[in-house]
Amino acid sequence: MKFFIDTANLDQIREAQDLGVLDGVTTNPSLMAKEGISGESNVIQHYLDICEIVDGPVSAEVISTDFEGMVQEGEKLAALHPNIVVKVPMIKDGVKALRYFSQKGIKTNCTLVFSAGQALLAAKAGANYVSPFIGRLDDISTNGLELIGQIRHIYDNYAFQTEILAASVRHTMHLIQCAELGADVMTGPLHTITGLLKHPLTDIGLEQFLADHKKASQVKV
Ligand code: G3P
């Protein structure tokens with residue numbers, strides 16, 4: 001399973017990268033706005049900065065909602081760096097754009113996916129990644145994880161190459177259950193990854209080991 005971090009915060013991206021387990025980054029317009037990044041040249045520079053930190057796919061989302069606009073924006077984004085993946089929303093013109101980019105060899109991530117039918121369409125259109133938003137489904141009393149299982153089943157039936165990128169992952173249990181269900185990638189905030197480290201028995205055990213070691217080295221022979 002690949003670990004992507006879902007943020008535009010450079011410090012958090014660096015921290016995840018330093019841990020040595022980071023495979024890529026996803027961003028979206030809300031995450032960019034949260035970091036105060038606006039204006040075309042600043043946005044472009046920010047994507048380049050992220051690509052400098054992480055050697056893996058970096059999803060950069062188009063803002064246009066019409067086919068021509070998405071193509072224009074996507075081609076510009078893809079030309080920035082070989083690791084850029086163009087993030088396209090699951091709407092009619094988005095599906096057309098996914099097909100267009102796929103034929104051009106431009107990598108894509110189909111975002112805002114909330115149903116198996118949408119995921120099937122994204123795969124048919126040649127998306128490299130499909131992003132089902134599990135946390136947002138949970139938010140409206142719908143089981144987001146069930147969708148991951150459904151998409152896995154459908155993609156396996158037909159050997160679709162589209163990778164399931166579980167998005168809107170909110171906590172470590174989401175991540176673990178996505179791994180059990182066979183999601184290819186997860187993307188979430190830094191704490192969803194670092195949270196995996198935590199276990200009180202690890203802390204208690206380490207404390208005991210160190211105390212025993214100290215005691216033993218103080219024993220005079
Ligand atoms: O990757 C999609 C993600 O940014 C949405 O997450 O927590 O805003 O639903 P969230």
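Counting starts at 1 for both ligands and their atoms, following the listed order.
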Of all the non-hydrogen atoms in the protein, which one sits nearest to [atom], and at what distance?
{"atom": "atom 7 (O) of ligand 1", "value": "Arg170 NE, 2.8 Å"}
{"atom": "atom 6 (O) of ligand 1", "value": "Ser168 CA, 3.5 Å"}
{"atom": "atom 1 (O) of ligand 1", "value": "Asp6 OD2, 3.0 Å"}
{"atom": "atom 8 (O) of ligand 1", "value": "Arg136 NH2, 2.8 Å"}

Residue Ala167 vicinity, atoms of ligand 1 by number, heavy atom under 4.0 Å:
1 (O), 2 (C)
Within ligand 1, which atoms have a heavy atom of Phe133 less than 4.0 Å away?
2 (C), 5 (C)
When you check the side-chain N and O atoms of Tyr47 and Glu52, is any donor under 3.5 Å from an acceptor?
no
Donor-acceptor pair between Ser59 and Thr26 side chains, under 3.5 angstrom
no
When you measure from the side chain of Thr142 to the backbone of Asp138, do you find a donor-acceptor pair of N or O atoms at a distance under 3.5 Å?
no
Can you find an N or O of Thr187 that's nearer than 3.5 Å to an N or O of ligand 1?
no
For atom CD of Gln17, is the number of surrounding heavy atoms from other residues, nucleotides or ligands below 6.0 Å larger than 12?
yes
Going by the 4.0 angstrom heavy-atom rule, the piece of Asp139 near ligand 1 is neither
Are Phe114 and Leu165 co-members of a hydrophobic cluster defined by side-chain heavy atoms under 4.5 Å apart?
no
Heavy-atom check, side chain of Phe3 versus side chain of Leu196, under 4.5 Å
yes
